[in-house]
Structures are given as C-alpha cells and as structure tokens.
Amino acid sequence: MLADMIESIAKILFIFGMNIGFFAPVLGWVERKQSAVMQDRIGANRADIFGFTVIGLFHSIADAIKVLTKEDFIPTGANKFFHTAAPFISLVPAIVTFCVIPFGGRYTLFGHDVNLVISDLDVGLLFIFAFSSLATYGAVLGGWSSNNNWSLIGGLRASAQMLSYEVAMGLTIIGVLMVYGSLKLTEIGVMQENFFRWGIFMQPLGFVLFLTCAIAENKRAPFDVPEAESEIVAGYFTEYSGMKFVMFWMGEFLEIVTISGIVTTLFFGAWHLPFITDQMLLSFFQFAGSNGASILAMLVNIATFFIKVIFFIWMQMTIRWTLPRFRYDQVMKLCWKMILPLSLINIFITGLVFLR
Amino acid sequence: MNKMTDIDQKKCHPMVGVPIEKLRPKQVRKNLELTLWESLYIFEIIRGMYITTRHFVLNMIGFVFKPKGQKRRIFTVYYPEEKVTIPAAYRGRPVLVTWKNGKEKCVACGLCEKICPANAIMIVAEERDGSDRYPSAYTLDMSRCVYCGYCEEVCPKEAIVMSAEYQGLAERDRSKMIYSKEQLLRSEESVKDRIEYIRRIYSKCSY
Amino acid sequence: MGVEIQRAGVSPDSLKNLTDSEDSGHLLEGSVILTKLESIVNWSRKYSFFLYPFVTACCGMEFMSVAGPKYDLDRFGAALPRFSPRQADLLMVVGTISHKQAPILVKVYNQMTEPKWVFAFGVCAVSGGFYDNYATVQGIDTLIPVDVYVPGCPPRPEMVIDGLLKLQEKVAKEKWSDWPKGASPVSKC
Amino acid sequence: MQLLIFYILAFGAVISALLMVTSKKPVSSAMSLIATMVFLAGLYVLLDAHLIAALQLIVYAGAIMVLFLFVIMLLNVDEKEGRMAGNTILLQFGAILAIGLVFIMMVSLVKSGGTLLVFGEGADQFGTTKAVGKLLFTEYLLPFEIASVLLLAAIVGAVILAKRRIDDPDQKERIIPGHKG
C-alpha cells in the first residue's frame with residue numbers, strides 16, 4: 001500500500017514537474033529560438049545574470065517575472081467570475097490529459113510492479129477526448145465574459161472550430177482502435193513492441209489526419225483563426241492581461257506536449273526503441289543485476305519516449321512557423337469536406353484489411 | 001540615368017544593380033486554379049517544411065561548428081558591438097564642415113535655411129572683421145530633420161554635408177535634440193568621402 | 001464612447017504603499033530587500049517588452065527591417081508584437097499622427113495596462129516632422145507621455161536599437177514610487 | 001474514502017443543479033448545468049462505469065452544452081425572456097412533480113434498506129468498453145439499431161430544413177452566380 005502510494009506520488013510529481021517545470025517555460029524559449037534559427041536570425045540572447053546569457057534562456061524568466069507584475073485587468077461590464085475562471089478552465093485539461101499517457105512500460109522493481117502511467121484507465125483515449133472537449137469552455141467563456149466584440153467572435157470561432165475538429169479527430173482515431181482493439185493506451189503501447197506493428201505503418205493516413213486535427217484542436221498557427229491578429233485583435237483573449245493571458249498560452253504549450261505524447265503513443269511505438277523488444281533490453285542490462293537491469297531499462301524507455309515527444313514538439317513548431325493561416329471557411333471546409341470523408345475511407349479500408 | 005549608374009564601368013540594370021547577363025525574366029503563374037498536385041496540399045506542405053527545416057539544420061550546424069574566416073550564414077548585425085560600414089552615398093546626420101584652422105566654412109548665406117522643407121535650420125549671421133560672414137548661431141532641430149540632403153545640395157561652400165553618423169541620436173528628452181553650432185562642427189577630414197561623392201554626383205547631374 | 005480604466009488589484013500597488021506611507025518611509029527607504037526586488041523586476045521588464053506597433057505611415061517599413069533578421073529586435077527580448085493593447089508594454093508610435101488619428105492613439109494608450117512605455121519612432125511622431133500644418137499632431141508628446149524619441153525619416157535600425165537601449169537604461173533605474181497612481185495621466189480625448 | 005468522494009460529488013451536483021435553476025443569467029445557468037454533468041460523470045466513475053463517464057463528458061458536457069452556450073451567446077438572451085416566473089400554474093405543476101419525485105425516491109430508499117449504493121461490486125468486467133460493446137451488439141442490438149435509424153432520420157430532417165430551395169423564387173435571387181453552394 002505504501003509502495004503504491006509512493007509510486008503514484010512519484011509519477012504524479014514527475015509528470016507535473018516535467019510539464020509545468022520543464023516544458024511550459026522552456027517551450028516559450030524554444031518557440032522563440034527555433035523561429036529565430038529558422039529565419040536566419042539569432043533570437044533572444046541579451047538578458048544576462050552576472051554576465052551569463054544562457055543562449056537567451058533567461059528571457060523566459062524575464063517574461064515570467066514581468067508578466068507576474070503586470071496589471072491585472074478586468075474590463076467594465078465583464079462577468080468577473082467567468083473572466084477569471086476561463087484561463088484556469090483552458091489550462092487544467094491540458095495538464096490533466098497527460099495522466100493517462102504511458103511514458104514507460106511495466107517493470108518489476110524490488111518485487112514491486114511498477115506501471116509507468118499515472119492512471120491506467122480502461123477508457124484512456126476517451127478520457128483525453130473528454131477533457132480536450134472541456135477545454136473548449138475556456139476559450140468560449142473567455143470570449144464571452146470579456147464584454148468585447150472581438151473576444152466574442154474569437155470565442156465563437158474557437159468553439160465552432162474545436163467542436164468540428166473534435167468530431168473529425170474522433171473518427172481519425174477509430175482506425176487505430178480497430179488495429180489494436182483497445183482504448184487502453186498502455187495496451188496500445190505494449191502492442192507496438194514490434195517495429196513493423198507501429199501505428200505509422202498500420203495507419204499512415206490516420207497519422208496525418210490525426211496530427212492535422214490535433215493541431216487544429218490546439219488552435220495553433222495554420223489554424224489559429226480564433227486569435228487571428230489581422231482580423232480580430234487577439235481573439236478570445238483580447239481583454240486579458242498579465243498572468244491570465246499567459247495562462248492561455250501555457251495551456252496551448254502544454255497541449256502541444258500532450259498531442260506529442262498521444263501521437264507518440266498511438267503511432268510511434270510509445271516507449272519502444274525500434275527493433276529492440278523489452279526482453280532484449282532487459283537482457284542487455286543483465287550485468288547490473290535484475291533490479292538494476294529493470295531500472296536501466298526503465299530509464300532508457302522514459303528517455304526514448306521523451307525524445308520522441310520532443311521530436312514531435314519540434315515538428316509542430318516547424319509547422320507553426322512554416323505555414324500561413326487558413327481562412328475561416330477553409331478551416332471548416334478542410335474539416336468537413338476533406339478530413340471527415342478521408343477518415344471514413346480510412347476506417348473502411350482498415351475494416352476491409354483487418355476484419356476480413 | 002545611365003551615366004549615374006555605370007560608375008564602376010559595368011553594365012548594370014538601371015533598376016536593381018544586377019548585371020544584365022544575370023537578369024532573367026521570372027515566370028509568374030497567373031492562373032490561380034490549383035493543379036491536382038497542389039490541391040492535395042500535403043506534398044506542398046512537406047516541401048515548405050523541407051525549406052524551413054533545411055534552414056534550421058544548416059544554421060544549427062553553423063552554431064555548433066563555427067566556420068572560421070568564412071562569412072557566417074546568419075547575417076544579423078549585433079548592433080551595439082558590431083557596426084555596418086556605410087557607403088558614401090548614405091545621408092546621415094548633417095554636419096558643418098570646418099577649415100583646417102577650426103573655423104566653419106559656412107558663410108551664413110541662409111540658402112539651407114530657406115530650402116529646408118522641415119524648417120529645421122535657423123541661422124543668425126554676423127560679420128567677422130567687417131568682411132567675413134559667419135553664423136554666430138546655427139541651430140539644427142534634429143527632431144524635425146528628415147535627412148533629405150537639400151541643404152547639402154544647395155550649399156555653395158560645401159559647408160554642410162550629410163555625414164555617415166547615425167548613432168546616439170535617440171534621446172529621452174525632446175529639447176536635447178536641438179543641436180547647436182558647436183555640436184554640429186566636424187573637421188573636413190572626417191567627411192572627406194562624402195565631399196568627394198557629392199562633387200562627383202552633383203557635377204554629373206545638372207538640374 | 002469613453003474608455004474607463006478600472007484597476008483591479010495591481011500587485012505592485014500594494015507593495016508601493018509600503019514605501020510611500022510616511023511613517024515607514026524612512027525605515028524602508030534603503031531597504032535591501034525592496035531594492036533587490038525592484039531591481040529584479042526592473043531587470044525582467046527591461047528584457048521583456050511586448051510591443052504594440054501603432055503603425056500609421058512609411059516608418060512601418062523601417063520597423064519591419066528592425067524586427068527582421070538583419071537587425072532582429074528579438075535579441076533585446078522585444079520581439080513579440082501583441083495587437084491587443086492590454087497585453088502590450090511598449091507602445092511604438094510609428095508614423096504620422098494626424099488629428100483624426102489622435103483620439104485613437106490616446107484610446108490605445110489608455111487601454112494599455114501598467115507598466116507601459118511609449119516609443120516615438122520617426123520625426124513625424126517625435127515632432128510632426130515636415131508636416132508642420134493644421135492636419136498633423138506636432139509631436140505625440142502633446143497627447144501622451146513619451147519615454148524615448150527616435151528621430152529620422154525614417155530612422156535607421158541602429159537608431160531604433162539605440163533608443164531601445166536608452167529605454168532599457170531608463171527601465172532599469174525606475175523606482176516603484178515614481179509609477180503613476182490612480183487614473184491614467186491622460187484625460188479622455 | 002469512496003463515500004467521502006461520493007458525498008462531495010453528490011453535494012456538488014445538487015448545488016450546481018440548484019444554481020442552474022435559480023441563477024438569473026442564461027450563461028451562468030448553462031455553466032451550472034455543465035458543472036452538474038461533470039459531477040455526474042464523477043459519480044459514474046465511482047460506480048465503475050468509466051465508459052459512461054467519458055461519454056457523458058464528451059457528448060453532453062463537451063458537445064451539446066457548447067452548442068447551448070453558442071446559441072445563448074449568439075442570441076444574447078435577455079434575463080427575463082423565456083422565464084416562467086410569472087406563470088404560476090406551470091410553477092405549481094413543476095413543484096408538485098418535483099415533490100412527488102423526491103417522495104418516490106425516498107420510499108425506494110427506505111424499501112431497499114439503505115443499500116442502494118454499492119461501490120465496486122459489479123461483475124468483473126462491468127462497465128468496461130468491451131462489456132458495454134458486447135451487450136450493445138448482442139442483447140440490445142434492436143434498440144441500438146432503432147436509435148441509429150432515429151438519428152439518421154434526424155440528420156436527414158436537419159439537412160432538409162437547412163437546405164436552400166432553388167425553386168423558391170424568393171430564395172433564388174440570393175444565390176450568387178458562379179458561387180458553388
């Protein structure tokens with residue numbers, strides 16, 4: 001019982017620390033620096049503490065402190081409760097969804113069975129969908145409660161876009177579910193031990209469609225019509241300042257991590273290295289004793305998982321800095337006329353092949 | 001027009017300064033209907049991402065293994081530490097040129113004051129030893145000056161020229177931007193390039 | 001349609017009261033902790049300007065060239081343009097402000113949240129430039145307080161960076177007791 | 001522990017349901033309804049019905065209520081509009097109905113001897129996706145199919161309602177030539 005407690009607390013702390021402590025601040029810096037490198041610039045590099053500029057990493061610290069000391073503004077006529085609650089509503093689902101994503105397999109440590117997922121839910125995927133659908137309210141309420149027309153339009157756009165892409169996303173994932181026959185993310189992970197059983201080989205079309213839908217659900221660059229600067233000032237967070245505004249952003253950044261986690265788990269073999277099964281890994285580390293071997297294997301698996309996640313974060317950032325924004329009707333057309341039929345075709349073909 | 005541009009005795013396109021042999025008409029697709037390949041989007045997106053990724057990777061390699069002696073790919077000017085050299089044709093802030101003995105060349109004729117479109121110049125003329133005219137006060141309002149170069153062009157004595165200076169012009173106080181004569185004086189040596197340039201360029205184009 | 005500024009629980013304000021109250025003023029005057037905190041916050045503000053580009057005229061081109069790869073405003077941490085004044089720190093007034101445009105500029109300034117700074121970019125914003133006529137505002141400092149003036153028509157990118165460095169110096173030396181209190185210093189327009 | 005969580009969730013559900021009825025602003029009402037649904041989903045999780053909980057969140061809290069909010073925001077519904085505060089007969093009828101419902105519930109609670117709530121005592125596979133799916137496609141196949149036919153009819157109806165009639169002379173002028181519907 002105590003061991004279970006310690007295990008789950010350690011896992012929660014790890015994921016929470018990884019998300020809030022590492023990814024949320026560092027992604028702000030990464031986005032800045034990556035865009036700079038991609039555009040042949042140098043990027044933020046002048047903030048220094050005692051003469052040290054850790055290639056501009058202190059700029060995100062400066063941003064954080066500045067944002068904390070910025071005036072917190074609530075416009076007149078705004079609904080204060082919802083105006084304050086909206087950033088939290090959009091931030092919390094982004095953190096919570098990570099608790100069903102496995103970041104490692106199953107190991108036996110000192111006679112104790114360790115499963116590297118915070119909550120091994122039977123309906124893991126549906127849980128993610130449920131909470132990502134709750135994230136809509138953050139945008140909608142933020143837009144409505146600001147008492148501002150730009151915000152309202154942004155909120156309406158956000159809700160319409162997120163609703164329609166949720167439908168499409170649900171359909172794109174069904175192909176994967178048919179292949180692996182489970183909603184449990186750990187089971188899906190275990191089944192991808194064989195390199196040629198990875199989701200990307202089973203469902204290449206599903207992968208492309210899912211990534212598109214996920215980016216659209218996250219409201220990032222090619223699909224950032226809810227916050228289009230050229231049309232509606234800053235969309236649903238026009239009236240937000242200081243910390244609340246940054247909370248929307250943090251939610252966005254954490255959702256990038258979550259999307260990368262899901263894509264890694266469903267399509268890129270979760271925590272497995274290609275061509276190396278768990279058994280091989282364990283036997284490879286046999287020199288360290290049985291406990292040491294499983295600890296080493298665990299570390300290798302966690303590292304593999306997070307390297308894959310970081311790769312997909314990088315990929316999403318590249319997409320964000322490469323593609324221009326869609327028009328609103330194009331976003332809707334892409335969803336209902338392209339992705340939805342294609343995902344239905346994908347389901348049909350998968351059914352033909354696998355359920356003969 | 002051509003007289004102005006073939007300074008280097010090279011045949012250049014009058015507009016862009018590119019040798020004519022290198023100029024090729026660029027084909028522009030006028031029809032906006034997408035081909036089937038383009039309307040699939042995905043391959044075009046991959047092509048775009050290839051370009052950005054190539055830039056990213058090459059620049060990252062350039063960061064890690066710094067090329068020695070070569071021109072670096074990232075051409076950002078690290079301004080306060082690094083400065084670009086400015087050609088003589090650049091019109092920086094106007095300065096008053098002095099003779100070798102430190103006296104200003106200006107004879108306070110008032111032409112620059114008249115022609116200045118922003119009314120930035122104000123001259124108070126006086127006579128030295130009963131014959132030499134000189135400006136006892138020459139104020140230049142830098143908060144109004146638009147760097148047009150009319151004053152330089154109209155000056156009969158080459159007394160006011162556009163130098164290559166551009167630093168230290170930003171101020172926290174607007175009243176500090178009104179420059180007096182003492183702040184404007186520069187030796188002839190420091191603006192030699194510009195004086196040569198204006199001699200060449202204004203002798204070619206006679207208005 | 002006037003814009004009313006409503007201030008809800010500004011965190012620096014409560015801290016400021018500590019230094020401002022008369023009886024404790026002499027005690028906390030040179031307080032190490034407050035000075036340290038002040039300098040840390042000022043350091044962070046110095047390196048994290050979110051711009052609001054109020055671009056009305058040709059200087060916008062030069063603004064783009066400063067923000068572009070060659071001169072790269074991002075090096076100073078001032079790269080993120082926010083088009084909502086609520087989120088911006090630095091109002092960049094780029095270009096000619098006509099009298100028709102003036103109320104809009106003042107409105108945008110009033111809508112910005114504290115702390116905020118203003119950057120006059122180009123001679124038109126500094127003094128009206130050669131538009132010395134009935135239609136143009138003779139310098140935006142007749143409307144709103146300006147922190148840095150950058151002359152030039154348009155200014156070279158280096159001049160803008162000079163101005164930004166000057167502003168950073170100013171921000172680093174700021175004292176919390178100097179910040180404006182209560183309503184915005186600019187009246188409704 | 002489970003009982004404590006149950007009480008928290010149940011209390012939250014009841015409070016938010018009351019808030020939904022009593023609050024004056026339509027948006028607050030809608031948000032309270034969403035809160036109720038989230039709490040109910042928590043109750044389902046307590047009863048080991050994970051699939052139902054997830055579906056509750058996705059379908060009701062996630063999709064349907066967003067549409068509700070959408071409509072409320074777009075129409076900007078006034079506070080007084082559509083409220084039946086003035087309609088005393090309806091109010092009385094509703095009160096009687098509610099009291100009757102509470103009475104029936106209490107009777108059944110007394111009859112069952114206080115063991116209405118049993119946590120985690122379902123069958124081994126109770127509430128899993130597999131079990132629900134199996135039941136749905138074997139025992140309850142007919143109701144399931146009928147429901148799907150009903151939904152299809154609803155979709156067709158919606159399409160017909162939303163479709164632009166080309167033969168309608170009033171509507172015809174509005175179609176922009178060359179613009180693909």
Side-chain angles (χ1 to χ4, degrees), chain B residues 52 55-56 59 62 71-87 89-94 113-122 139-151 162-179 183, chain C residues 57-59 62 65-76 79 96 117-133 136 138-142 145-171 173-174:
Chain B
T52 44
H55 274 252
F56 179 79
N59 287 336
K71 213 174 153 191
R72 62 163 186 262
R73 261 188 72 81
I74 292 204
F75 55 89
T76 305
V77 180
Y78 292 56
Y79 164 61
E81 292 89 32
E82 224 178 67
K83 278 146 198 151
V84 291
T85 48
I86 279 176
Y90 178 74
R91 297 196 297 269
R93 120 175 137 81
E113 192 182 4
K114 263 278 180 288
I115 203 159
C116 183
N119 297 331
I121 300 172
M122 197 193 68
T139 0
L140 179 58
D141 188 354
M142 285 307 296
S143 73
R144 290 221 178 245
C145 175
V146 292
Y147 307 86
C148 57
Y150 284 4
C151 46
M162 313 299 281
S163 69
E165 286 172 36
Y166 55 83
Q167 285 170 51
L169 287 165
E171 292 288 351
R172 297 263 333 278
D173 190 356
R174 209 171 125 181
S175 60
K176 278 186 194 160
M177 287 188 196
I178 296 165
Y179 283 55
Q183 281 167 295
Chain C
C58 37
C59 280
E62 208 62 26
S65 100
V66 190
K70 182 135 189 186
Y71 288 94
D72 197 11
L73 268 184
D74 196 6
R75 287 186 299 134
F76 304 89
T96 324
W117 297 277
V118 181
F119 196 102
F121 191 112
V123 286
C124 297
V126 172
S127 67
F130 63 56
Y131 299 111
D132 191 358
N133 54 26
T136 309
Q138 296 299 302
I140 55 160
D141 50 359
T142 56
V146 179
D147 290 291
V148 174
Y149 300 89
V150 177
C153 185
R156 257 193 92 77
E158 281 98 338
M159 290 187 200
V160 182
I161 291 170
D162 270 345
L164 199 75
L165 289 171
K166 275 231 158 68
L167 184 63
Q168 285 188 345
E169 270 170 39
K170 190 219 165 190
V171 170
K173 281 182 205 146
E174 265 178 357

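Throughout, a chain's letter reflects where its sequence line sits, starting with A, and its residues are numbered from 1.
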Which atoms of B/Tyr166 approach chain C - backbone, side chain, both or neither, heavy atom under 4.5 Å: both

Whether B/Arg172 side chain and C/Asp147 backbone form a donor-acceptor pair below 3.5 Å: yes

When C/Pro69, C/Pro154, C/Ala120 are compared by non-hydrogen pairs under 4.5 Å with chain B, the top option: C/Pro69

Stepwise side chain to side chain contact (heavy atoms under 4.5 Å, CB included) test for B/Met142 and C/Val126: CA-CA 10 Å; B/Met142 285 307 296; C/Val126 172; over 6 Å; no

Cation-pi, B/Tyr90 ring and C/Arg156 (6.0 angstrom, 45 degrees): yes

Pairing residues for B/Glu171 by the side-chain hydrogen bond (donor to acceptor under 3.5 Å, both in side chains) criterion, not counting sequence neighbours: none

Donor on one side chain, acceptor on other, C/Gln138 and B/Arg144, under 3.5 Å: yes

Residues forming a side-chain hydrogen bond (donor to acceptor under 3.5 Å, both in side chains) with B/Arg174, sequence neighbours excluded: C/Asp141

Backbone N/O of B/Gln167 and side chain of C/Asp162: donor-acceptor pair under 3.5 Å: no

Straight-line distance of C/Lys166 NZ to B/Leu169 CG, nearest 0.5 Å: 9.0 Å

Residue part contacting chain B, namely of C/Phe76, when any heavy atom lies under 4.5 Å: side chain

Main-chain N/O of B/Ser143 paired to C/Ser127 side chain as donor or acceptor, under 3.5 Å: yes

C/Tyr131, OH: over 12 other non-hydrogen atoms inside 6.0 angstrom: no

Side chain / backbone / both / neither for C/Leu165 at chain B, heavy atoms under 4.5 Å: side chain

For chain B, the option from C/Met159, C/Glu169, C/Arg75, C/Glu158 that forms the most heavy-atom pairs under 4.5 Å: C/Glu158

Whether over 12 other heavy atoms sit under 6.0 Å from B/Lys114 NZ: no

Atom group of B/Asp173 that falls short of 4.5 Å from chain C, counting heavy atoms: backbone

